[in-house]
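Heads up: the structure comes next, in structure tokens.
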Amino acid sequence: MVKITLPDGTVKECEEGITPAEIAREISEGLFRKAIGAEVNGVLWDLNRPIDFDATVRIVTIDDEKAPEIYRHTMSHIMAQAVMRYFGADKVKLGIGPVIENGFYYDFEVVGKRITEEDLPKIEELMKKIIKEDLPIERFELPKDEAIKFMEEKGQTYKVELIKEINDDTVSFYKQGEFVDLCRGPHLPSTGKVKHFKLLSLAGAYWRGDERNPMLQRIYGTAFAKKKDLEEYLKMLKEAKKRDHRKLGPQLELFMIDTDVAPGMPFFLPKGAIVLNELMKFSRELHIEDGYKEVITPLVMNVKLWHQSGHWDHYKENMYFTEKEGTMYAIKPMNCPGHILIFKSSTISYRDLPVKYFEFGKVHRYERSGVLHGLMRVRAFTQDDAHIFCSEDQIEEEIKGVIMLIDRIYSPFGFTYRAELSTMPEDHMGDESVWRRAEKALQNALDKIGLEYKIAEGEGAFYGPKIDFMIKDSIGREWQCATVQLDFLMPERFDVNYIGADNKEHRVVMIHRAIFGSLERFFGILIEHFAGAFPTWLAPVQVVIIPISDRHVNYSKEIMGKLEESGIRVEMDDRRETLGYRIRDNQMKKIPYMLILGDKEESERKISVRTRENKEFKSLNLEDFISKILKEINSRSRELYLK
RNA sequence: GCCAGCGUAGCUCAAUCGGCAGAGCGGCUGAUUUGUAAUCAGCAGGUUGUGGGUUCGAGUCCCACCGCUGGCUCCA
């Protein structure tokens with residue numbers, strides 16, 4: 001007998017080998033019908049897999065938050081089965097087929113053939129058939145050596161490679177009809193349990209993500225328990241496409257990219273420059289409040305500086321160089337060496353620490369042409385970069401300060417974000433004990449501030465461990481923005497010291513950090529996040545005045561003058577077009593407020609306002625409007641004051 | 001760089017089997033003086049990404065190059 005503990009705390013004595021399905025049936029018929037799997041001691045479990053130990057069991061139903069993990073994984077098997085039916089099982093070599101955030105994928109090699117986009121609908125048809133067949137899905141285990149033989153016989157060379165690396169003595173397989181796959185599971189009890197899916201795209205992907213390996217073909221798809229959810233997700237993808245910053249950017253005259261002249265290096269148009277400048281103004285305010293000193297350093301510096309910093313050895317591939325009078329210069333890919341030179345230009349006492357230099361530093365990094373992506377992945381960008389020079393016992397406090405500043409800087413945008421602590425990579429400078437000390441300091445700061453974080457082993461920069469902050473954009477994609485990197489090594493290389501209370505030299509500790517990360521990328525994220533409808537404080541044009549006819553231009557000019565005096569970005573649209581036309585046109589430019597001025601307003605000395613959210617407000621007092629909009633702008637509100 | 005797809009007017013797209021390169025929007029000109037998401041008329045706009053090939057004839061078929069898009073570990 002085994003003890004089964006249920007979520008409500010009841011404990012049941014059950015036969016050894018009882019399955020979650022049986023447990024569910026005992027509880028209620030309704031639960032049994034909706035059950036697709038279980039969580040056994042916190043591990044996802046097949047509905048029909050026996051439990052032969054004491055365990056806490058929670059039944060996972062089709063609408064459980066853990067359910068997608070199960071049915072999308074099964075869907076990826078169904079897709080693999082369909083691909084094998086389509087091309088012939090002996091022609092298809094399977095890679096891996098995991099669940100990802102909003103769906104799943106599977107990697108294939110089709111011997112002697114290429115999967116094309118036209119194949120996807122046909123594969124979808126075959127998948128529907130497999131779902132209709134409602135094949136039972138069975139789990140079985142094999143000893144490792146037998147498993148290897150089994151997969152070798154099927155010609156599944158990639159699977160053989162995977163099995164060889166598994167540390168257990170036995171490995172598990174899942175079988176549905178003629179299809180068998182190496183898999184940890186769990187899976188649905190049969191292929192008929194989930195019906196709503198869509199294959200989304202086809203892409204190349206190297207086996208195990210390594211470009212020295214063969215390239216496989218990856219099919220992405222998604223699946224949902226309810227038809228409505230699938231439709232909503234597909235709608236969201238369409239919506240995301242509409243807000244694509246690469247489309248909205250040029251359309252709203254924010255930026256352009258001339259791929260012929262400067263691939264990966266955006267040009268910012270007058271309106272885009274306003275947004276960037278507002279972002280910088282905001283950032284600058286908070287940094288100065290927080291004790292940072294702004295500096296400006298050269299873009300091009302002698303290559304010997306980069307030899308000393310170690311960038312030459314570790315980062316050369318990503319750097320641009322230029323040569324004059326027989327001297328080699330590098331265009332800076334990072335701002336740290338420049339800030340170090342400033343720090344070293346005077347003698348610093350322990351009483352001065354921490355010293356915090358801040359710069360909107362424009363850096364250039366060569367990225368391979370295939371990875372460039374609008375403003376999100378560029379070759380030239382501006383970091384809101386700072387370096388904190390402090391003593392070892394100040395580290396925790398300073399890291400905490402940075403984390404709090406990050407929160408303040410993100411707050412007006414309404415993003416959710418998460419943190420990730422990255423540890424020592426293979427290619428690194430300095431010895432391990434220094435690294436572990438640095439990692440510990442970062443961890444302490446995170447723990448004390450109570451921020452949740454994940455650990456990414458071996459993902460640190462070559463000069464130190466780091467905490468990355470990922471924010472989520474409208475498509476649900478995550479972008480790395482803020483980063484805090486501890487660095488015990490650069491101070492060694494440059495011999496960076498302060499004078500202690502003992503009147504002796506001590507090594508400083510350096511903290512690199514950026515919050516927007518790249519202003520360009522952050523701008524891109526904002527365009528998509530707001531779908532181009534920026535909060536008023538960021539909007540390139542905050543108010544547009546529309547005189548109904550020519551005879552209202554004078555009154556309009558008078559109003560415009562008053563708005564300008566108040567520092568509001570205002571334009572007048574007195575084109576000889578109909579009122580309807582001009583309203584529509586300005587609405588599409590996502591200008592927050594339109595002031596419509598005609599006979600009525602002029603005689604009453606009032607204004608009428610139409611917001612980009614389609615609301616009308618008649619006969620408002622101008623002074624009142626100005627003071628309220630100023631309040632909205634100065635508080636960097638995300639919402640229009642007129643709703 | 002690699003895999004798949006795509007390059008036609010500023011933008012969105014059309015052009016049957018290889019048979020006269022077209023439409024809407026935008027732009028410009030003129031008329032219209034407008035009350036809350038598109039007034040009417042006219043005009044201009046192209047070496048169909050570039051180069052080569054097949055053909056009587058190529059936007060369309062073939063080859064090379066350039067560019068763009070989606071992706072290239074979220075480790076069974």
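Bear in mind that the values here come from a model prediction, so they are computed numbers and not experimental data. Residue numbering restarts at 1 for every chain, and letters A, B, ... go by the order of the sequence lines.
- A salt bridge links A/R575 with A/D585: the closest approach of a Lys/Arg side-chain nitrogen to an acidic carboxylate oxygen falls below 4.0 angstrom.
- Counting any heavy atom pair closer than 4.0 Å across all strands shown, A/I163 reaches no nucleic acid atom.
- A salt bridge is absent between A/D90 and A/K154; no separation between the charged side-chain nitrogens and carboxylate oxygens falls under 4.0 Å.
- Of the candidates A/K247, A/R243, A/H245, A/H245 is the only one forming a side chain to side chain contact (heavy atoms under 4.5 Å, CB included) with A/I527.
- Look at the P atom in both B/rC72 and B/rC25: the space between them is 40 Å, to the nearest Å.
- Seen from the ring of A/F224, A/R72 counts as a face-on cation partner, given the 6.0 Å and 45° thresholds.
- Of the possible polar contacts, one joining the A/H552 side chain to the A/D599 backbone as a donor-acceptor pair under 3.5 Å is found.
- Contact of A/Y206 with B/rG1 (side chain to base): a donor-acceptor pair of N or O atoms is detected under 3.5 Å.
- Nucleotide B/rA31 forms a Watson-Crick or G-U wobble pair with B/rU39, both donor-acceptor distances falling under 3.5 Å.
- Under the Watson-Crick and G-U wobble criteria, each requiring two contacts below 3.5 Å, nucleotide B/rC65 is paired to B/rG49.
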Strictly under 3.5 Å: I want the nitrogen or oxygen pairs between protein and nucleotides 3-7 of chain B, one per line.
unit_1, atom_1, unit_2, atom_2, d
B/rC3, O2, A/G204, N, 3.1

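- With no hydrogens or angles considered, no side-chain donor-acceptor pair links A/R208 and A/Y206 at under 3.5 Å.
- No donor-acceptor contact under 3.5 angstrom links the side chains of A/Q480 and A/R521, judged on distance only.
- Summarising the geometry, the separation between CG on A/L372 and C1' on B/rC68 is reported as 11 Å, rounded to the nearest angstrom.
- The residue A/R218 sits close only to the backbone: its heavy atoms come under 4.0 Å of sugar-phosphate atoms, none of a base.
- On the P atoms, B/rC6 is 13 Å away from B/rA14, given to the nearest whole Å.
- Rounded to whole Å, the distance from CG on A/L252 to C1' on B/rC11 is 14 Å.
- Using a cutoff of 4.0 Å between basic side-chain nitrogens and carboxylate oxygens, A/R569 and A/E571 are not scored as salt-bridged.
- In this structure, A/K247 places its NZ atom 13 Å from C1' of B/rU69, rounding to the nearest Å.
- For the pair A/K154 NZ and B/rA76 P, the interatomic distance rounds to 20 Å; values are reported in whole Å.
- Using Watson-Crick or G-U wobble geometry with both donor-acceptor distances under 3.5 Å, B/rG24 finds its partner in B/rC11.
- Under the Watson-Crick or G-U wobble criterion, with both distances below 3.5 Å, B/rC74 has no partner in any strand shown.
- With C1' as the reference atom, B/rU48 and B/rU60 are 10 Å apart, rounded to whole Å.
- The nucleotide whose nearest atom lies closest to any side-chain atom of A/Y220 is, among B/rC72, B/rA76, B/rC74, B/rC72.
- Counting non-hydrogen atoms under 4.0 angstrom, A/V171 reaches a base of the nucleic acid.
- Look at the C1' atom in both B/rG51 and B/rG7: the space between them is 16 Å, to the nearest Å.
- Between A/R418 and A/E452, none of the side-chain N atoms (NZ, or NE/NH1/NH2) sits under 4.0 Å from a carboxylate O, so this pair counts as no salt bridge.
- Using P as the reference atom, B/rC28 and B/rU34 are 24 Å apart when rounded to the nearest Å.
- Rounded to whole Å, atom C1' of B/rC72 lies 18 Å from atom OH of A/Y106.
- Rounded to an integer number of Å, the gap from A/I96 CD1 to B/rA76 C1' is 8 Å.
- A cation-pi contact, defined as under 6.0 Å to the ring centre and within 45° of the axis, links A/R218 to A/Y105.
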For each nucleotide in nucleotides 34-39 of chain B, reading 5' to 3', give B when a protein heavy atom comes within less than 4.0 Å of its base, S when such contact involves only the sugar-phosphate, and - otherwise. BBBBBB
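- Nucleotide B/rU16 forms a pair with no other nucleotide shown, judged by Watson-Crick or G-U wobble geometry with both contacts under 3.5 Å.
- Between B/rU47 and B/rG10, the two P atoms lie 9 Å apart (nearest whole Å).
- Around CZ of A/R184, the count of heavy atoms belonging to other residues, nucleotides or ligands within 6.0 Å does not exceed 12.
- B/rA31 sits 49 Å from B/rG70 when the C1' atoms are compared, rounded to a whole Å.
- If you measure from atom CG of A/L120 to atom P of B/rG70, you get 17 Å, rounded to the nearest angstrom.
- B/rU8 and B/rC13: their C1' atoms are spaced 9 Å apart (whole Å).
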